[in-house]
Amino acid sequence: MLDSKQLRTDTENVMRNLARRGFVLDLAAFRTLDDRRKQVQIGADRVRAERNANAKAVGMAKGKGENTTALLKRGEELTVQLADAEAALNAVQGESDAWLMGLPNLLHDSVPDGRDETDNLEIRRHGTPRSFDFTPQEHADLGTRLGLDFETAGRISGARFVVLRDGMARLHRALAQFMLDLHVSEHGYQEIYAPYIVSGDALTGTGQLPKFEQDLFALKGDRTLYLIPTAEVPVTNLVRDQITTPERLPLRYVAHTPCFRSEAGAAGKDTRGMIRQHQFDKVELVHIVKPSESYAALEQLTAHAEEVLKRLKLPYRVLALCAGDIGFGSAKTYDLEVWLPGQGRYREISSCSNCEAFQARRMQARWRNPETGKPEPLHTLNGSGVAVGRAMVAVLENYQNGDGSVTVPEVLRPYMGGLEKLLPTDKA
RNA sequence: GGAGAGGUGGCAGAGCGGUUUAAUGCACCGGUCUUGAAAACCGGCGUCCCUUUACGGGGACCGUGAGUUCGAAUCUCACCCUCUCCGCCA
């Protein structure tokens with residue numbers, strides 16, 4: 001959510017900024033709506049003030065034993081008037097709020113111009129793609145004899161699910177454990193175990209609702225709950241409705257959770273393999289910081305995610321997403337793309353965003369700024385550190401051998417009982 | 001699932017239909033005193049919205065939503081959450 005004061009006083013700049021995303025702010029509609037809201041609110045406040053004064057007068061008159069007939073009659077009139085005024089106010093306010101909730105975040109000045117993913121700006125590369133003396137396979141082909149079982153998953157759950165067996169299941173677990181340990185022991189994060197099912201309010205706080213409901217799995221029940229699409233939702237909401245003292249900042253959280261996405265808009269994309277699933281695991285990093293520190297935090301968070309790939313010795317590059325490709329709630333985003341030899345290209349494995357105050361305003365997450373003495377919105381950041389399923393894809397493709405086996409990356413061996421190689425088998 | 005208790009400002013905690021629409025304490029900020037600090041004393045101190053150049057003024061908020069009433073933190077109903085006991089259970 002944008003700052004409504006800024007929207008009113010600095011409308012031209014807000015409009016220009018949003019235009020960089022390709023978002024057209026209907027200035028005239030906003031002004032009309034805002035003026036009407038103001039007028040209706042002033043009217044309702046005035047009626048309510050009179051009603052309050054009248055009610056108080058009734059009390060005083062009764063105390064003195066005076067006749068109250070006229071006052072009571074006036075009170076009845078005012079109550080009717082107030083009901084009308086409040087209904088009008090609720091309608092306008094609702095319209096205004098809905099409109100405000102639908103606006104994306106403002107972009108940071110450093111975000112490059114552009115329309116779509118082809119305009120994203122490469123910032124740096126790390127590692128050199130390995131050269132093979134055989135044609136590297138894609139993970140889905142390579143994995144069939146290693147324990148990646150899409151067929152069985154299809155029978156149980158349908159498309160875009162996977163069953164992992166033996167070495168694959170263990171490798172998957174090892175990756176998550178390794179990442180978690182790195183962030184907790186070396187990067188100083190607090191480990192969080194959080195709910196995988198959340199309320200609509202939590203999702204509104206982080207920005208998935210109301211606009212992106214079609215991407216979520218909703219649960220049937222008396223009240224609507226949702227499966228989390230990312231740990232960002234429960235973990236960022238840890239500070240909702242709180243005023244955090246400055247001494248506690250910055251907060252750095254890490255959580256390993258499954259993520260559930262309906263991928264409603266991705267029909268036909270990446271239908272083969274583990275790249276795009278309805279259910280996948282992710283180790284998520286969240287920073288809650290003072291506004292003045294959020295851009296330093298973004299660099300730090302990104303570096304923490306990169307460290308995972310460095311230790312796994314996976315080649316990757318870092319992109320600054322362009323204005324047209326950046327997410328709804330983010331002011332600036334770096335994507336990490338890992339090299340996949342089977343596909344012969346870099347694929348997204350992490351996305352690190354500074355949401356500035358966008359989420360904090362929606363969820364009333366504040367800190368008391370000692371300079372002003374006032375509660376002010378915090379800045380929130382999140383990033384994958386990293387996606388477990390895609391990391392596994394990257395390990396399989398980069399560490400594959402000509403005989404169909406896969407070498408276990410050194411840093412993962414302690415998590416796999418010292419195992420050095422995953423061997424193919426014909427046993428299902 | 002059954003029975004009961006309860007959700008009030010950063011925290012604790014009173015108020016249970018009006019005539020101060022939130023007492024009081026702690027914490028916090030400023031001042032007096034002091035070499036300095038503490039204590040004591042004095043004053044200030046919630047969040048959000050609207051309005052005003054400013055001083056100021058108005059409104060909302062006592063878990064959430066609806067209702068009763070001229071008037072609701074206070075009464076009624078529903079829901080959410082917390083705690084205690086019982087049952088079930090990993």
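Since the structure is predicted, the reported quantities are computational estimates derived from the model, not experimental observations. Residue numbers start from 1 in every chain, and the chains themselves are labelled A, B, ... in the order their sequence lines are given, proteins ahead of strands.
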Can you tell me the base-pairing partner of [N]? Count Watson-Crick or G-U wobble geometry only, both distances below 3.5 Å, and say none if there is no partner.
{"N": "G9(B)", "result": "none"}
{"N": "C79(B)", "result": "G63(B)"}
{"N": "C55(B)", "result": "none"}
{"N": "A22(B)", "result": "none"}
{"N": "C33(B)", "result": "none"}
{"N": "A38(B)", "result": "none"}
{"N": "C28(B)", "result": "G44(B)"}
{"N": "G1(B)", "result": "C86(B)"}

Determine whether a donor-acceptor pair (one donor, one acceptor, N or O, separation below 3.5 Å) exists between the side chain of Lys56(A) and the base of G71(B).
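Side chain to base: no pair below 3.5 Å.
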Hey, which sits more toward the 5' end of RNA chain B by its nearest nucleotide, Asn90(A) or Pro375(A)?
Pro375(A)
Please compare Asn54(A) and Arg8(A) by the position of their nearest nucleotide in RNA chain B and report the one closer to 5'.
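The residue mapped nearer the 5' terminus is Arg8(A).
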Using the [atom1] atoms only, state how far [M] lies from [N], rounded to an integer number of Å.
{"N": "G31(B)", "M": "C50(B)", "atom1": "C1'", "value": "34 Å"}
{"N": "A12(B)", "M": "G46(B)", "atom1": "C1'", "value": "15 Å"}
{"N": "G63(B)", "M": "A73(B)", "atom1": "P", "value": "10 Å"}
{"N": "G15(B)", "M": "C75(B)", "atom1": "P", "value": "12 Å"}
{"N": "A72(B)", "M": "G56(B)", "atom1": "C1'", "value": "30 Å"}
{"N": "U52(B)", "M": "A14(B)", "atom1": "P", "value": "43 Å"}
{"N": "G17(B)", "M": "U74(B)", "atom1": "C1'", "value": "6 Å"}
{"N": "A60(B)", "M": "G71(B)", "atom1": "P", "value": "13 Å"}

Once you round it to whole Å, what is the distance between [atom2] of [N] and [atom1] of [X]?
{"X": "Gln93(A)", "N": "G59(B)", "atom1": "CD", "atom2": "P", "value": "18 Å"}
{"X": "Glu76(A)", "N": "U68(B)", "atom1": "CD", "atom2": "P", "value": "13 Å"}
{"X": "Met60(A)", "N": "G18(B)", "atom1": "CE", "atom2": "C1'", "value": "11 Å"}
{"X": "Lys73(A)", "N": "U69(B)", "atom1": "NZ", "atom2": "P", "value": "17 Å"}
{"X": "Asn67(A)", "N": "C70(B)", "atom1": "CG", "atom2": "C1'", "value": "13 Å"}
{"X": "Gln81(A)", "N": "G71(B)", "atom1": "CD", "atom2": "P", "value": "13 Å"}
{"X": "Gln364(A)", "N": "G10(B)", "atom1": "CD", "atom2": "P", "value": "12 Å"}
{"X": "Trp367(A)", "N": "G10(B)", "atom1": "CH2", "atom2": "P", "value": "18 Å"}

Taking only side-chain N and O atoms of Arg46(A), does any of them lie within less than 4.0 angstrom of OP1 or OP2 on A60(B)?
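No, no such contact exists.
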Phosphate-side-chain proximity, Thr79(A) and U69(B), N/O vs OP1/OP2 below 4.0 Å:
no
Selection from [options] that lies nearest to any side-chain heavy atom of [X]:
{"X": "Ile243(A)", "options": "G10(B), C49(B), G71(B)", "answer": "G10(B)"}
{"X": "Arg366(A)", "options": "G71(B), C50(B), U47(B)", "answer": "U47(B)"}
{"X": "Arg223(A)", "options": "C80(B), C70(B), A60(B)", "answer": "C80(B)"}
{"X": "Lys38(A)", "options": "G59(B), U51(B), C81(B)", "answer": "U51(B)"}
{"X": "Lys62(A)", "options": "G71(B), C49(B), G18(B)", "answer": "G18(B)"}
{"X": "Asn52(A)", "options": "G71(B), G59(B), U51(B)", "answer": "G59(B)"}
{"X": "Lys5(A)", "options": "G58(B), C49(B), U51(B)", "answer": "C49(B)"}
{"X": "Ala49(A)", "options": "G58(B), U51(B), G71(B)", "answer": "G58(B)"}
{"X": "Arg51(A)", "options": "G18(B), A60(B), C50(B)", "answer": "A60(B)"}
{"X": "Arg37(A)", "options": "C70(B), C49(B), U47(B)", "answer": "C49(B)"}

Salt-bridge contact [X]-[Y] (side-chain N to carboxylate O under 4.0 Å):
{"X": "Arg16(A)", "Y": "Glu12(A)", "answer": "no"}
{"X": "Glu263(A)", "Y": "Arg276(A)", "answer": "yes"}
{"X": "Glu138(A)", "Y": "Arg272(A)", "answer": "no"}

Report yes if the distance between the aromatic ring centroids of Tyr189(A) and His304(A) is under 6.0 Å, otherwise no.
yes
Taking the ring centre of each residue, are Phe260(A) and Tyr196(A) less than 6.0 Å apart?
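Aromatic pair excluded; centres sit 6.0 Å or further apart.
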Under a plain distance cut-off of 3.5 Å, with no hydrogens placed, do Tyr226(A) and Gln208(A) share a side-chain donor-acceptor pair?
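Side-chain D/A pair, Gln208(A) to Tyr226(A): absent.
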Scan side-chain atoms only and decide if Thr380(A) and Gln359(A) contain a donor-acceptor pair under the 3.5 Å cut-off.
yes
Any base atoms under 4.0 Å from Ile42(A), or only sugar-phosphate, or nothing? Heavy atoms, all strands.
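Here Ile42(A) touches the backbone only, sparing every base.
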Quick one: are Asp3(A) and Arg361(A) in side-chain contact, heavy atoms under 4.5 Å?
yes
